[in-house]
Every structure is written in structure tokens, then in C-alpha cells.
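Structure first, commentary second.
This structure is a prediction, so every number in the text was calculated from the model and none was measured.
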Amino acid sequence: MNQPFSDSTPPPSWPKNVRTISLDGLDHLGVDPKTNELYWDGQKIVMERKLSLDWYQTFLATIGAFGALLAGIYPFGAAWGLW
């Protein structure tokens with residue numbers, strides 16, 4: 001009998017309806033070798049990526065980039081006696 005899910009109790013940190021996979025259940029997983037896409041029972045598993053930063057991440061990255069620019073410019077100005 002091919003039972004895809006294990007009878008063991010999943011960790012408490014997992015979402016309520018998520019179950020562990022049994023060794024027999026691994027037969028339900030598949031990978032397309034050309035695209036490296038993952039499949040469960042022949043259906044593609046869709047994984048999403050967030051491509052944009054939140055406003056505060058953009059703000060902090062801008063401050064960091066500006067600080068790095070100033071840290072790079074200062075030694076040149078000091079070497080040429082500009083400040």
C-alpha cells in the first residue's frame with residue numbers, strides 16, 4: 001500500500017494541516033531534469049519569489065550605499081588635501 005503521509009507527529013512549529021511525508025510518499029515527488037522543476041503526483045509545485053523590497057529596506061539600502069560612497073570618497077579628498 002502506497003501511503004504518502006507518515007503517521008508520525010510533525011513538529012509543533014509547522015502549520016496545523018501540514019504532515020510529514022512517508023518513505024512511500026517520496027515516490028510521489030518528481031523533478032524535471034531539464035528545468036529542475038519539482039512535481040507532486042505529476043502536478044508542478046509552484047514557488048513564488050518576492051522581487052521587490054519593502055520601503056524600509058529600500059531606505060536602509062540607500063543610506064548604506066550613500067555611507068559606502070562617502071567612505072570611499074573621503075580618503076581621496078584627504079590625500080589631495082581637499083579637507
Side-chain angles (χ1 to χ4, degrees):
M1 181 171 159
N2 192 351
Q3 182 181 3
F5 303 109
S6 172
D7 292 330
S8 65
T9 305
S13 60
W14 285 18
K16 185 178 181 180
N17 294 326
V18 176
R19 298 184 55 197
T20 57
I21 298 174
S22 68
L23 288 177
D24 289 336
L26 292 177
D27 290 337
H28 292 268
L29 282 175
V31 177
D32 183 341
K34 293 182 182 177
T35 61
N36 288 331
E37 293 173 328
L38 187 61
Y39 290 83
W40 173 263
D41 261 349
Q43 295 181 356
K44 183 178 173 183
I45 297 175
V46 178
M47 298 172 38
E48 299 176 11
R49 292 186 184 176
K50 185 177 178 183
L51 299 177
S52 62
L53 299 176
D54 288 332
W55 70 268
Y56 67 90
Q57 293 171 322
T58 303
F59 178 72
L60 292 174
T62 302
I63 291 174
F66 186 68
L69 179 65
L70 290 179
I73 289 175
Y74 178 77
F76 288 106
W80 288 91
L82 298 176
W83 44 75

Do [X] and [Y] share a hydrophobic cluster, counting only Ile, Leu, Val, Met, Phe, Trp and Tyr and linking them when any side-chain heavy atoms are less than 4.5 Å apart?
X: L69; Y: F59; value: no
X: L53; Y: F66; value: no
X: V18; Y: F5; value: no

Considering all heavy atoms of both residues, which atom of [X] and which atom of [Y] are nearest to each other, and what is their separation?
X: L38; Y: V31; answer: CD1-CG2, 3.9 Å
X: D32; Y: K34; answer: OD1-N, 3.0 Å
X: P10; Y: W14; answer: CB-CE3, 3.5 Å

What's the spacing between [X] [atom1] and [Y] [atom2] if we round to 0.5 Å?
X: L60; Y: W55; atom1: CG; atom2: CH2; value: 8.0 Å
X: H28; Y: I21; atom1: NE2; atom2: CD1; value: 9.5 Å
X: T58; Y: I63; atom1: OG1; atom2: CD1; value: 11.5 Å

inquiry  = Tell me if the CD atom of Q43 is crowded by more than 12 foreign heavy atoms within 6.0 Å.
reply    = no
ask   = Would you say L70 has more than 12 foreign heavy atoms packed within less than 6.0 Å of its CG?
value =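 Enclosed: over 12 neighbouring heavy atoms sit under 6.0 Å from CG of L70.
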task = State, with a plain yes or no, whether a side-chain heavy atom of L29 is found less than 4.5 Å away from one of Y39.
result = no
ask   = Between the main-chain N or O of S6 and the side-chain N or O of R19, is there a donor-acceptor pair closer than 3.5 Å?
value = yes
